Amino acid sequence: MTQRHRPAFPLCAGLALALLLAAATASAQAPVPATPPGDPVVARVDGEPILLSDLAAAAQDLPEELRGAPPQMLYPLLLDQMIAGRSIAAAARRAGLDRDEEVRARIRRAEEQELQQAWLSREIAGRVTTEAVRARYESEIAGRPAEEEVRARHILVPTEAEARTALAEIRGGADFTAVAQRLSTGPGAREGGDLGFFRRGDMVPEFANAAFALQAGQVSEAPVRSPFGWHLIKVEERRSAAAPAFDDVAEALRQQLLQTEVQAAVERARSAARIERFNLDGTAPRPTDQAEPPAPAAPAARPGGPIRR
């Protein structure tokens, strides 16, 4: 989670394409110029300087395939856009838009968002590391005992009657895969209902209990109902799966750790702040404001009977 400056305007699609095409040629022909000493001024707009570091920061916000373009080709294009952006901003100030309340409110919101991102980045920078991710792997996954998995096919239909008709076909000798391709409305229908390997906790309980009760080659004796409809299940294989390797789950664990650290940082910020909360009309909250609102009064009955929805 890093904070970066953004160019005044995103590169248009045509300019991006031109950069890609030119980069393919120029990167192999032209040497990359040495970085000038210091941080030279590369342009001024109404006396305000644009520094070489501004271009470097803008380049970091480009898509990865454009960031590798040679600086001698990329920087002049970025500079043109930055000059245009600064010129428009200067025109807006001359028009007094920097004093417009609606504009200032949007600027304040943007400033708050940038401050939030900067603070969160600093707070979690040293917490979401490869070492921390590996420690989570060791504590939560590495020592986990092997877990049983099954590979199954299923046929999903809306009604029990349709499921029993399909089951009768299969019992009569029809191929499960072919029937699934023809009738199933569920995931993997094109592949004959193949769901691949899964663990008990990956499926809703009704489906999982039925699938794990079958041996390889068996088809469920009766249709199985789940929140998604009616299933016929055929188990193809069973196996015991060891814990996944670190590299296979490292990114998912990193995302989990990132979410955990962000939530913890938010709670630290909230606990350090003096928070006053009011009702939406600005009045002070009362003890009853947090209670469940009373049920609305029943409408008066019309002549001839009760109200129908």
Side-chain angles (χ1 to χ4, degrees), residues 1 124 127-264:
M1 185 181 288
I124 68 175
R127 299 173 184 267
V128 183
T129 62
T130 301
E131 292 74 17
V133 173
R134 185 170 286 279
R136 174 167 284 207
Y137 171 80
E138 294 294 336
S139 65
E140 297 183 4
I141 296 178
R144 194 167 64 192
E147 189 173 352
E148 191 176 19
E149 293 183 338
V150 299
R151 176 176 168 235
R153 297 181 185 273
H154 78 141
I155 298 170
L156 175 64
V157 290
T159 67
E160 183 180 9
E162 291 172 280
R164 290 195 177 278
T165 299
L167 182 58
E169 282 192 52
I170 293 166
R171 285 178 175 168
D175 180 63
F176 192 101
T177 299
V179 175
Q181 289 173 332
R182 180 162 48 87
L183 298 179
S184 182
T185 61
R190 290 184 179 180
E191 294 76 34
D194 191 359
L195 297 173
F197 279 99
F198 55 87
R199 301 180 183 188
R200 187 180 291 270
D202 295 336
M203 300 294 181
V204 294
E206 301 90 340
F207 188 95
N209 291 338
F212 279 84
L214 299 172
Q215 297 302 314
Q218 285 187 320
V219 176
S220 50
E221 289 292 327
V224 177
R225 189 176 188 179
S226 82
F228 304 102
W230 292 85
H231 306 260
L232 300 178
I233 304 169
K234 180 182 180 182
V235 168
E236 299 283 7
E237 299 177 63
R238 299 178 71 104
R239 72 182 185 188
S240 292
F246 174 74
D247 290 342
D248 294 336
V249 294
E251 181 56 27
L253 289 175
R254 193 187 74 83
Q255 291 299 325
Q256 293 173 12
L257 183 58
L258 182 63
Q259 292 177 10
T260 300
E261 291 298 340
V262 167
Q263 290 170 359

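Everything quoted here is computed from the prediction, not taken from an experiment.
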Value for CD (E236) from OG1 (T177), rounded to nearest 0.5 Å, stands at 6.0 Å
The side-chain contact (heavy atoms from CB on, under 4.5 Å) partners of E138 (sequence neighbours excluded) come to R134, A142
Rounded to the nearest 0.5 angstrom, the OG-CZ distance for S184 and R190 is 12.5 Å
Interatomic distance, CZ@R171 vs CG@L232, rounded to 0.5 Å, equals 9.0 Å
Between the CD atom in E147 and the CZ atom in R199, the distance rounded to the nearest 0.5 Å is 4.5 Å
Q) Among side-chain atoms of Q255 and E251, is any donor-acceptor pair under 3.5 angstrom? A) yes
Here the pair of heavy atoms bringing G193 nearest to A180 is N-CB, 3.9 Å
Rounding to 0.5 Å, atoms OG1 (T129) and CG (L257) come to a distance of 7.5 Å
On a heavy-atom basis, the closest approach of L183 and A166 is CD1-CB, 3.9 Å
With V219 as partner, the option from L167, V235, L214 fulfilling side-chain contact (heavy atoms from CB on, under 4.5 Å) is L167
With sequence neighbours left out, the residues meeting salt bridge (Lys or Arg N to Asp or Glu O under 4.0 Å) with E191 are none
Indicate the ring-plane relationship of F198 and F207, choosing parallel, tilted or perpendicular according to the 30° and 60° boundaries.
-> tilted
(Q) Has S220 got a side-chain atom pairing as donor or acceptor with I233's backbone, closer than 3.5 angstrom? (A) yes
With R153 as the cation and F176 as the aromatic partner, state whether NZ or CZ is under 6.0 Å from the six-membered ring centre and within 45° of the axis. no
Value for CZ (R127) from CG (L258), rounded to nearest 0.5 Å, stands at 12.5 Å
For P223 and W230, the nearest pair of non-hydrogen atoms, with its separation, is CB-CE3, 3.7 Å
**Item:** CA sep, side-chain torsions, deciding dist, call: H154, V224, side chain to side chain contact (heavy atoms under 4.5 Å, CB included)
**Value:** CA-CA 10 Å; H154 78 141; V224 177; over 6 Å; no
Q | Pair R238 + E148: basic N to acidic O under 4.0 Å | A | yes
